[in-house]
Amino acid sequence: MHHTSSEGELNDSTADSPEEACGVFGIRVEPNTRSVSHATYDGLYALQHRGQESAGMAVSDGTSITVMKNMGLVSNVFDDRMLHSLPGNLAIGHTRYSTTGSSTWGNAQPVFRAVGDSGIALGHNGNLTNTVELSNELGIDPMDLGSDSDLVAHYLAIEIAKDLGGRPGTVRESFKSHPEAVLSALNDVLPKLEGAFSLVIMDHDRLIGVRDPHGFRPLCIGRLETGWVIASESPALDVVGATFVREVEPGEMIIIDELGVRSFRPFPEESIDPKLCIFEFVYFARPDSRLLGQEVYTTRRHMGEYLAKALPVEADMVIGVPDSGVPAAVGYAAASGIPYGQGLVKNRYIGRTFISPDPASRVDAVRRKLNVLRDNIEGKRLVVVDDSIVRGTTTKSMVRLLRDAGATEVHLRISSPPYRWSCFYGIDTPSRPDLLAANRDLDEIRRFLGVDSIAYLDLGDLKAAIGYEDGFCDACLTGNYPVAVPVTLL
Ligand code: AMP
């Protein structure tokens, strides 16, 4: 989701309304078979890496929908007592990620819109690029909306209310007797959305999953003995005991109700153009996730193998920067023949340090997060493998730690190409001037970080490591944005 500012323009990530990647989850089971609130908790816990700012869920018992959300980690927001107070057979959940200070309750999801005596709840991973046009079309002041996700829920609620207009009985009854009202609202609204959106939506009866025509952000389906699950990443299926069925396809909408699972194509055929975020493979997704039929860990190991060919160097040990750099370091060591070892230890209880807004606190954050294994690295020439460099702040202080602990040489190897462009499709990134590689050549980067040599993985090799030549969004690496980005954002 992305916020709208008072000028009605989308903010950049230095303003008070950042972009974020998020995790979404949805579950629908036969009534009285299991606690969907507990399952959603487990699912969100498995997706915690996608969002640590706020967490929430909406639960339906078939009659009413209850939304609970708050700032903080999944484990801070919910406790057992709360989960027990949320009975039902249908739920969606959301974890939200952002960097700067806009941590407000209003930003938390799922968002909810009432329609008569029913309503819809929605969780969004991604970022719309035409929020301003859409709010103009609807004749609403963007100021009155919290976010682009709010806008989608609002739009859907209006269309559903229109479709049900004049029918006798309550909306809840009409939902049952006229399921096509929700379907036709979705068919009207979804094609109007531009940008990145993996959505979970529910009314009091139905679970809906949607992936935009580019499929920027992941979304998959799992099967339970008594129902179905939809989640951003497959580990959230594993944790609730669901079997991975498949990914929701780009441009596909899945409706799960008492009839089972049905697939729809609400977007025009010509708009379908798969562009899965390549950075999901590089950094964002969990290593145990399955994307495009591959286990992400394996692709990262391959990235390291390719990386070993980039700028061969003599060294005593290959280390990975925990956790994200480790799979590629293992691959690098295997391909180069240089022994793999551990040189850095990560505090298990720390989140992602990138979140700290100002440079000084990010530097401290590195010490809080990483410490050296002095005996292992003293006097050694190290190849240090990490997945990416964004601002360069944490990398620079990590290099300092290694040198202070007696590493004689530090050769940095990055298992993705230089990160040069901001993401507008749902991953939080700083604006261009803050991206280390945006305006620096390799030697300037090397000197800034204080390393003896540096090499990045080539884009072709990155794709080869994943096993697909195209079908990716690589805008952050190439500046080729598949969906037009408003000038105000650039
Ligand atoms: P820095 O040196 O400050 O650019 O930080 C680099 C580290 O940030 C790498 O170890 C990456 O794994 C990690 N990283 C890359 N992209 C992101 C992101 N969107 N959010 C949080 N951390 C990230």
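For reference, positions follow the sequence shown, starting with 1. Basis for what follows: all heavy atoms, side chains included, without hydrogens, waters or symmetry-related copies. First listed ligand is number 1; within each ligand, the first listed atom is number 1.
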Classify the contact between [X] and ligand 1 as side chain, backbone, both or neither, using a heavy-atom distance cut-off of under 4.0 Å.
| X | result |
| --- | --- |
| Tyr419 | neither |
| Asp386 | side chain |
| Leu436 | neither |
| Thr395 | both |

Does ligand 1 have an atom under 4.0 Å from some heavy atom of Val321?
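Judged by the 4.0 Å heavy-atom criterion, Val321 does not count as contacting ligand 1.
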Atom OH in Tyr468, atom NZ in Lys463: separation rounded to 0.5 Å?
14.0 Å
Among Arg403, Arg413, Arg446, which residue meets the salt bridge (charged side-chain N to carboxylate O under 4.0 Å, His left out) test with Asp452?
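Looking at Arg403, Arg413, Arg446, the match for Asp452 under the salt bridge (charged side-chain N to carboxylate O under 4.0 Å, His left out) is Arg403.
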Report yes if some N/O of [X] lies less than 3.5 Å from some N/O of ligand 1; otherwise report no.
| X | value |
| --- | --- |
| Thr393 | yes |
| Lys396 | no |
| Phe279 | no |

Going by an N to O cut-off under 4.0 Å, is there a salt bridge joining Asp461 and Lys309?
no
So does Tyr45 have more than 12 non-hydrogen atoms from other groups sitting under 6.0 Å from OH?
no
With respect to atom 15 (C) of ligand 1, which of Ser324, Pro322, Ser388 exhibits the smallest heavy-atom separation?
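Nearest heavy atom to atom 15 (C) of ligand 1 lies in Ser388.
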What closest approach, in Å, do Leu291 and Glu280 show between heavy atoms, and which atom pair accounts for it?
CD1-CB, 3.9 Å
Distance-only check: which donor-acceptor pairs under 3.5 Å involve side-chain atoms of residues 319-329, not counting sequence neighbours?
from   : atom 1 : to     : atom 2 : distance (Å)
Asp323 : OD2    : Lys346 : NZ     : 3.1
Ser324 : OG     : Asp387 : OD1    : 2.7

Which of the ligand 1 atoms, numbered from 1, are nearer than 4.0 Å to a heavy atom of Ile427
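Near Ile427, meaning under 4.0 Å from one of its heavy atoms, ligand 1 has 19 (N).
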Closer than 4.0 Å to some heavy atom of Gly392 - which atoms of ligand 1 meet that?
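In order of numbering, the contacting atoms are 1 (P), 2 (O), 3 (O), 4 (O).
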Do the ring planes of Phe197 and His124 sit parallel (below 30°), tilted (30 to 60°) or perpendicular (above 60°)?
perpendicular
ring-ring contact (aromatic ring centres under 6.0 Å, His included) test vs Phe279 passes for just one of Tyr419, Tyr425, Phe216, namely Tyr419
